[in-house]
Amino acid sequence: MTKSRDITITEVALRDGSHAIGHQYTLEQVTAVSKALDEANVPYIEVSHGDGLGGSSQQFGTSLTDEMKLIEAAVSVSKQAKVAVLLLPGVGTMKDLRQAADIGAKMARVATHVTEADVSPQHINLAKELGMETVGFLMMSHMAPVAKLVEQAKLMESYGADTVYVVDSAGALLPYEVRERIRAMRQELTVNIGFHGHNNLSLAMANTLVAIEEGATRIDGSIRCLGAGAGNTQTEVLIAVLERMGLNTGVDLYKMMDLAENIVAPILKKPQEIAKDSLVMGYAGVYSSFLLHAQRAAKQFDIDSRDILIELGKRKVVGGQEDMIIDVASEIAKRQKIVNA
Ligand SMILES: CC[C@H](O)CC(=O)C(=O)O
Ligand SMILES: [Mn+2]
């Protein structure tokens, strides 16, 4: 019999990692990764477009493969793992959620900007009606003070979320900021608390451990750091660290290392690292999913991608405002032309 898990891992490479590869997952890749994750006893595998169900578009990036086909493939090879989907109300629809449930997704993670939990009740309710486990996912958590975050988390709890996540979308939170957020949520909420980090400031692991110390039991990771920006907390490393701490995830470390090395590494065009742009994202508090968009815009306008990211951070641009990246790039280019004239 499997020992009960102290920490429940959701592997997000097949969703968050979609940003890192321009949403170009193939059916073969998703099948191979899901099968190996299932065999390693990972309990939840998230599969969707990087921006969640319905994200495939010019604005966010067009998927190579229909995400429903990818979800179906993951479900078909998962014997014990449950497949999760992400949904941003306004991007994904009720119809998308029904279809995902029909083909076997068992968990719905309903994501909103940290101050906009009130757009999530219909989707959380529908997920519950469909018999799915529900998660409220408060993105860009660094942008709200602790009291506001707790207020929004309580709203999601009141709508029926089984778990509420602090999501450090920009990889901008410092360990003490994670501590105060998770501690306050633990005091005020009765549901599970989760943490989703990004490694732009090399703090994803430290932040995850602080979150666990303060009572988070649901943790996201991406194998080989295959996530947006510099990636997420690296799942196989986290499993090793938690084992050293005497915390059981139920996940097989050797199988995860083999999967990372043999199947996931070849998917990455180059190894994940904290390069200048991802570092600036953490520093300036910019959405990790903006990375490739900003790099493309920098090329188009022949300017420094860091200038775009710094300006996006100043303007507090949030998910869904990807069109601002081009606006900002074109303004910077014009300004620079005038200065250099
Ligand atoms: C745009 C959705 C986003 O990638 C969700 C997420 O993983 C995050 O905010 O970190
Ligand atoms: Mn993320």
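Indexing begins at 1, ligand by ligand and atom by atom, following the structure's order.
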Check your understanding: If only atom types and distance count, is the side chain of Q234 paired as donor or acceptor with the main-chain N or O of M205 below 3.5 Å?
Key -> no
**Study point:** Degrees at the Mn ion (ligand 2) between the NE2 atom of H198 and the OD2 atom of D16, nearest 10°
**Key:** 110°
Review point. Could E236 and R224 be called an ion pair, given the rule that one side-chain N must be under 4.0 Å from one carboxylate O?
Key: no
Revision key, fill the gap. In ligand 1, the atoms that come under 4.0 Å of a heavy atom of H198 are 10 (O)
Review point. Is a donor on one side and an acceptor on the other found under 3.5 Å between the side chain of S57 and the backbone of G55?
Key: yes
Study note, to complete from the structure: atom 5 (C) of ligand 1 has as its nearest protein heavy atom R15 NH1, 3.5 Å
Review point. Heavy-atom contact under 4.0 Å between Y287 and ligand 1?
Key: yes
**Study point:** Ligand-side contact atoms (ligand 1) for residue partner H19, heavy atom cut-off under 4.0 Å
**Key:** 4 (O)
Point to revise | side-chain contact (heavy atoms from CB on, under 4.5 Å) partner of D307, the single match among L312, V328, V280, I332 | key: I332
Exercise for review: Establish, for the pair R218 and F195, whether the NZ or CZ atom is under 6.0 angstrom from the six-membered ring centre and no further than 45 degrees off its axis.
Suggested key: no
Check your understanding: With a cut-off of 4.0 Å, which atoms of ligand 1 are near a heavy atom of S169?
Key -> 8 (C), 9 (O), 10 (O)
Practice item. May I ask whether G50 places a heavy atom under 4.0 Å from ligand 1? Key: yes
Check your understanding: Charged N to carboxylate O below 4.0 Å: is that the case for K148 and E151?
Key -> yes
Review point. Looking only at distance, does H196 have an N or O less than 3.5 Å from an N or O of ligand 1?
Key: yes
Review point. Less than 4.0 Å between a side-chain N and a carboxylate O, is that true for E188 and K154?
Key: yes
**Study point:** Closest protein heavy atom (residue, atom, distance) for atom 1 (C) of ligand 1
**Key:** D51 OD1, 3.1 Å
Practice item. Provide the number and element of each atom of ligand 1 under 4.0 Å from a heavy atom of V167. Key: 8 (C), 9 (O), 10 (O)
Check your understanding: Within the stated cut-off of 2.8 Å, is an N/O/S atom of H196 closer than that to the Mn ion (ligand 2)?
Key -> yes
Review point. Do D168 and ligand 1 have an N or O pair less than 3.5 Å apart?
Key: no
Check your understanding: When you measure from the side chain of N199 to the backbone N and O of A204, does any donor-acceptor pair fall under 3.5 Å?
Key -> yes
Exercise for review: Check whether any N, O or S atom of D220, backbone or side chain, sits closer than 2.8 Å to the Mn ion (ligand 2).
Suggested key: no
Check your understanding: Could E214 and R179 be called an ion pair, given the rule that one side-chain N must be under 4.0 Å from one carboxylate O?
Key -> yes
